[in-house]
> 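Here's a structure for you.
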Amino acid sequence: QKQTTLNDLHIFDYVAEAWIAGIHQEGDVPHPRLGHSFTTLPDGTAVLFGGWSLIQCPPHPAFQTPQTLPCATAFNDIFLLEPVFSLMKMKWIRLTTNGTPPSPRYGHTATH
């Protein structure tokens, strides 16, 4: 059975006690991942940081053909998610930071 990571977006409506699927995403949509932190902010935006994913390995000079095996890759990228007019349309913005970022990581936590 093939395993995959996803980058779909679901929102839980706590008033209706129901999940909302099919959220349209635009902008710099992050690479599919797991083990990331996702923190909501008071202004209705959210921050995604880090995580890891299985991606296709780069070609190796010892092989005649490109490898198709997955390679585990950890991330230290950071994205802002903001609503666009409604919760059914969300925009991702990859943030540019100053200074030395934390090393790539997954399984961590973040709070606001």
Side-chain angles (χ1 to χ4, degrees):
Q1 179 176 332
K2 184 178 178 180
Q3 296 181 352
T4 186
T5 52
L6 304 172
N7 67 346
D8 54 346
L9 184 62
H10 299 261
I11 296 175
F12 184 71
D13 181 339
Y14 63 88
V15 174
E17 297 181 349
W19 285 100
I20 302 170
I23 308 299
H24 175 75
Q25 300 177 71
E26 59 184 42
D28 297 320
V29 179
H31 191 280
R33 63 192 63 210
L34 55 94
H36 54 277
S37 60
F38 188 83
T39 309
T40 57
L41 303 176
D43 64 358
T45 62
V47 175
L48 178 142
F49 174 74
W52 75 276
S53 186
L54 294 175
I55 62 171
Q56 185 175 344
C57 294
H60 191 278
F63 296 102
Q64 295 278 343
T65 58
Q67 292 179 332
T68 57
L69 299 174
C71 291
T73 299
F75 301 105
N76 67 343
D77 49 5
I78 187 167
F79 294 85
L80 182 71
L81 180 64
E82 61 182 14
V84 181
F85 304 119
S86 75
L87 289 180
M88 292 306 292
K89 187 174 182 182
M90 305 292 273
K91 181 179 180 182
W92 288 101
I93 301 167
R94 185 181 183 128
L95 299 178
T96 303
T97 61
N98 296 315
T100 304
S103 60
R105 63 192 64 209
Y106 56 91
H108 58 280
T109 61
T111 59
H112 172 260

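Index from 1, following the sequence. The figures that follow rest on heavy atoms only: side chains count, while hydrogens, waters and symmetry mates do not. This structure is a prediction, so every number in the text was calculated from the model and none was measured.
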> Keeping Thr39 on the side-chain end and His112 on the backbone end, is there a donor-acceptor pair under 3.5 Å?
no
> May I ask you to test the Val15-Glu17 pair for a side-chain heavy-atom distance under 4.5 Å?
no
> Consider only side-chain N and O atoms of His108 and Ser37, and report whether a donor and an acceptor are under 3.5 Å apart.
yes
> Check whether Ile93 and Leu48 end up in the same hydrophobic cluster, where Ile, Leu, Val, Met, Phe, Trp and Tyr are linked by side-chain heavy atoms less than 4.5 Å apart.
no
> Can you tell me how far the CG atom of Leu54 sits from the OG1 atom of Thr73, to the nearest 0.5 Å?
8.0 Å
> Quick one: does Pro30's side chain get under 4.5 Å of His36's, heavy atoms only?
no
> Quick one: which of Leu80, Leu81, Thr40 gives a side-chain contact (heavy atoms from CB on, under 4.5 Å) with Val47?
Leu80
> Would you say Tyr14 and Trp19 are hydrophobically clustered, going by side-chain heavy atoms of ILVMFWY under 4.5 Å?
yes
> Between Phe75 and Arg33, is there a cation-pi geometry (under 6.0 Å to ring centre, at most 45° from the normal)?
yes
> Just so I know, are the side chains of Pro102 and Asn76 near enough to count as touching, which here means a heavy-atom distance under 4.5 Å?
no
> Report yes or no: do Tyr106 and Leu34 belong to one cluster of Ile/Leu/Val/Met/Phe/Trp/Tyr joined by side chain heavy-atom distances under 4.5 Å?
yes
> Would you say Ile78 ends up clustered with Leu41 if hydrophobic residues are merged whenever their side chains have heavy atoms under 4.5 Å apart, either directly or through other cluster members?
yes
> Compare all side-chain heavy atoms of Asn7 with those of Val29 and state whether any distance is below 4.5 angstrom.
yes
> Hydrophobic cluster membership, with links at side-chain heavy-atom distances under 4.5 Å among I/L/V/M/F/W/Y: are Met90 and Ile20 in one?
yes
> Cut-off 3.5 Å, side chains only: do Glu26 and Trp92 have a donor facing an acceptor?
no
> Looking only at heavy atoms, what is the nearest atom pair of Pro32 and Ser53, with distance?
O-OG, 2.9 Å
> Would you say that Thr111 contacts Thr109 through its side chain, given a criterion of any heavy-atom pair below 4.5 Å between the two side chains?
no
> Identify the heavy atoms of Ala74 and Trp52 that sit nearest to each other, and give their distance.
CA-CB, 4.0 Å
> Measure across Glu82 and Thr45 and return the closest heavy-atom pair with its distance rounded to 0.1 Å.
CB-CG2, 3.8 Å
> Establish, from distance only, whether the side-chain atoms of Thr96 and Arg94 form a donor-acceptor pair under 3.5 Å.
no
